A.B. asks: 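A single structure is presented below for examination.
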Amino acid sequence: MSSDATDANDVTAATDSTPDVAGDELLRVRNLDAGYGDLQILTDVDMDVHDGEYVTIVGPNGAGKSTLMKSVFGLTAHMGGTVTFEGEDITGLRPEEIIHEGIGYVPQNDNVFATLTVQENLEMGAYILDDVPQDALDMVFDRFPILRERRDQKAGTMSGGQQQMLAMGRALMLDPSLLLLDEPSAGLAPDLVEEMFDKIDEINDAGTAILMVEQNAKEALRRCDRGYVLANGENRYVDSGDKLLNDEQVRRDFLGG
Amino acid sequence: MGIAETYSRGRRFAVDRPGAILLVLVAVLLFGDLLVGLATGRTAFSEVGSLLWDGLMRGLVIGLAGIGLSMTYSILNFANFAHGDYITAGAFSGWATTYLFAGLGRADIGSLLLVGAGGSVFGGALGIGITGTPFAVIAGLVVAGVFAIALSLAVDRVIFRPIRDQDGITLLITSIGVAFALRYMMQFVFGSDVRGTTAQPPSLSLYFVDGAIRINMHDLTLVVVAGGLMLGVHLLLQRTKLGKAMRAMADNEDLARVTGIPTERVVRSVWIIGGGLTGVAGYMFVLWKGTLGFNDGWLLLLLIFAAVILGGIGSIYGAIAGGLVIGLTASLSVLWIPSAFARAAAFVVMILILLVKPSGLFSGRATA
């Protein structure tokens, strides 16, 4: 691990290089230090997501990918640096406050209410609104037709792929401008993985910016606009997905050749 | 082939689940004994009917009181041993109100507010009952609910909330402390004597085969109040936004938080709804049995725990079903054993059911 780190450090300075940028700046993370309890995991991490952009975070196990995403959503202990969303400082806000800002989050595990029906799960996604937004519900049902079919089924009785779609649908109920996805393909059968990535493309095409953590690094980099490579809780590389895929060093150290 | 298969399946079942077989055997034996008793006239049909009715009433009290306990367990993740004393506190506050309304001008206010502590006033002498003093009873019912809500919110605020992140054992032991503090505070204020609270309520006799089953007005009041509240809780959980959020939180608290459900507000609602039901249950318990003592809730709590565990801890419907099973068992057991062992019989049934179905009747359904 440490030899990796020294190798990588002199290759690319990750900070502030934002190539091929699409829209205006949406999310801006600067010098972020964060962790759990007293344990610091992220050190001096920078990251940007622009309007409508599709960004993935890849890196080895324990690199702090999920921690970075959770830090954006206020789920970790903040130890330094800033998180700005649409120009507003959201550093240290709690998840229930951040959700009001227009960020949706899909956790990796246990991401549906198993004992609630599909419809009730989606309703919970719009809890902060006074009424269930019918148009958002229709939009989610159109995006994931299987959910319309199974709207009265208990979420816990559905397959892993369907649960993952429900989890995304729930996060889309508030029509967020940024959707955080933590390992959306984890635990899915290979043919479903492809379908899941297609759905994410569709969501992104409809204008929602995506920030995604993925184990399946090659596929994620192929699909995204930009990728961040994280190792040991620090930025290593940032570039367009294609360039990272073709980078000799990244391939060797992080993509398994 | 068919017979052999059935035989081998039966054999396998007997080997796998000897407990279940034994249980069925004992049940068949007891039921056979009952049938013989009924046939030979040793046991009267009307007696069995009366016991069934009595068990149903006990079951409603236990079930109603169990809902609050089950709610706090499933959503706040701890077994609140102070629950029994919330019941007693609700009962005392409600009955003080009822005494005050029923006896104003006929006895001094102090004795009325202390629910006739030391034999200074008698509920029977004031003619208290749903028919005699309906307004006083309804006022008492409302005050019991409101007071229990205030009490559970206050205790949560001062004692439970600061340690909510601690493990379940810490919370449990703390709640036992709260239970003792409340109980002996009530004993200090209201005295330790068990007082009669109601006048004999009018009753109707239903003719049943060989005798009569007596159903009094307080039984009917209990059926209406408990049934109505249980239905209300069901509709709340299934139909309303708050109820769905409660189920969501019982299901997965972390996810509820990242979904934007204001968990602290839901917790407060749980205390309000659970507390209100608990206070009302305490009042109805006393109205139904006609006596009130500082130990009532604590003694009932054991049966409530039995019911809640039997039903599948954390399930509201399990609490109701478990309450009915425990109530009916405690009442019907006197057909075979001395009534002093009625409570023991209820626990034996709980243990037996848990042996066969370890996670309870309604397990895995969370609050829903």
Side-chain angles (χ1 to χ4, degrees), chain A residues 37 66 69-70 72-76 93-133 152 154-157 163 166-174 176 179-182, chain B residues 70-71 73-77 161 164-167 233-270 311-319 321 359-368:
Chain A
S66 292
M69 184 168 279
K70 285 179 183 162
V72 170
F73 206 65
L75 289 167
T76 58
L93 290 189
R94 287 173 294 126
E96 55 265 44
E97 295 166 327
I98 289 173
I99 207 159
H100 284 268
E101 304 290 327
I103 302 181
Y105 170 63
V106 181
Q108 180 185 349
N109 298 316
D110 294 328
N111 53 18
V112 297
F113 298 112
T115 55
L116 270 59
T117 66
V118 168
Q119 165 109 19
E120 287 169 344
N121 265 275
L122 294 175
E123 287 173 14
M124 287 301 105
Y127 190 89
I128 62 171
L129 303 180
D130 289 335
D131 298 299
V132 178
D152 294 322
K154 289 256 156 61
T157 64
Q163 290 192 15
L166 177 57
M168 278 193 213
R170 195 199 58 245
L172 288 173
M173 283 296 287
L174 294 174
L179 184 61
L180 309 176
L181 300 173
D182 196 348
Chain B
S70 216
M71 267 188 168
Y73 180 86
S74 68
I75 296 169
L76 305 172
N77 291 318
R161 199 194 300 177
R164 182 154 314 139
D165 295 332
Q166 305 285 318
D167 59 294
V233 169
H234 165 72
L235 292 176
L236 170 88
L237 287 174
Q238 299 301 330
R239 301 283 165 81
T240 68
K241 190 174 167 182
L242 174 66
K244 290 173 188 174
M246 286 179 175
R247 285 160 54 213
M249 220 178 129
D251 186 312
N252 187 337
E253 192 177 340
D254 292 335
L255 185 60
R257 201 165 286 129
V258 303
T259 304
I261 294 172
T263 48
E264 225 14 83
R265 214 183 310 157
V266 175
V267 167
R268 208 176 322 131
S269 311
V270 168
I313 190 154
S315 161
I316 303 303
Y317 305 107
S359 44
L361 297 173
F362 282 73
S363 57
R365 300 201 186 181
T367 312

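Quantities reported herein were computed from a predicted structural model and do not represent experimental measurements. In what follows, every chain begins at residue 1, and chains take the letters A, B, ... in the order their sequences are listed.
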A.B. asks: Which of the residues A:Leu116, A:Val132, A:Ile128 is involved in the greatest number of heavy-atom pairs with chain B at under 4.5 angstrom?
C.D. replies: A:Leu116
A.B. asks: Mind listing the closest non-hydrogen atom pair of B:Arg257 and A:Pro95 along with its distance?
C.D. replies: O-CB, 4.1 Å
A.B. asks: Quick check on A:Asp130 against chain B: is it the side chain, the backbone, both or neither that has a heavy atom closer than 4.5 Å?
C.D. replies: backbone
A.B. asks: How close do B:Pro262 and A:Tyr127 get, counting heavy atoms only, and between which atoms?
C.D. replies: CD-CE2, 3.1 Å
A.B. asks: What pair of heavy atoms forms the shortest contact from A:Glu120 to B:Arg247, and how long is it?
C.D. replies: OE1-NH2, 2.8 Å
A.B. asks: Would one find more than 12 heavy atoms of other residues, nucleotides or ligands at under 6.0 Å from atom CZ of A:Phe73?
C.D. replies: yes
A.B. asks: A:Lys70: which residues meet the salt bridge (charged side-chain N to carboxylate O under 4.0 Å, His left out) condition with it, sequence neighbours left out?
C.D. replies: none
A.B. asks: Relative to chain B, which segment of A:Val112 carries a heavy atom at a distance below 4.5 Å: side chain, backbone, both, or neither?
C.D. replies: backbone
A.B. asks: Return yes when atom CZ of B:Arg164 has more than 12 non-hydrogen atoms of other residues, nucleotides or ligands closer than 6.0 Å, and no otherwise.
C.D. replies: yes
A.B. asks: Show your reasoning for whether side-chain contact (heavy atoms from CB on, under 4.5 Å) applies to A:Arg170 and B:Leu255.
C.D. replies: CA-CA 11 Å; A:Arg170 195 199 58 245; B:Leu255 185 60; 3.5 Å; yes
A.B. asks: Once you round to the nearest 0.5 Å, how far does CG of B:Asp254 lie from CG of A:Asn111?
C.D. replies: 12.5 Å
A.B. asks: Is A:Leu75 close to chain B through its backbone or its side chain, or both, or neither, when contacts mean heavy atoms under 4.5 Å?
C.D. replies: side chain
A.B. asks: Between the main-chain N or O of A:Phe113 and the side-chain N or O of B:Asn252, is there a donor-acceptor pair closer than 3.5 Å?
C.D. replies: no
A.B. asks: Name the option with the most non-hydrogen atom pairs under 4.5 Å to chain B; the candidates are A:Ala114, A:Gly104, A:Ala167.
C.D. replies: A:Ala114
A.B. asks: Checking A:Leu129 against chain B: side chain, backbone, both or neither under 4.5 Å from a heavy atom?
C.D. replies: backbone
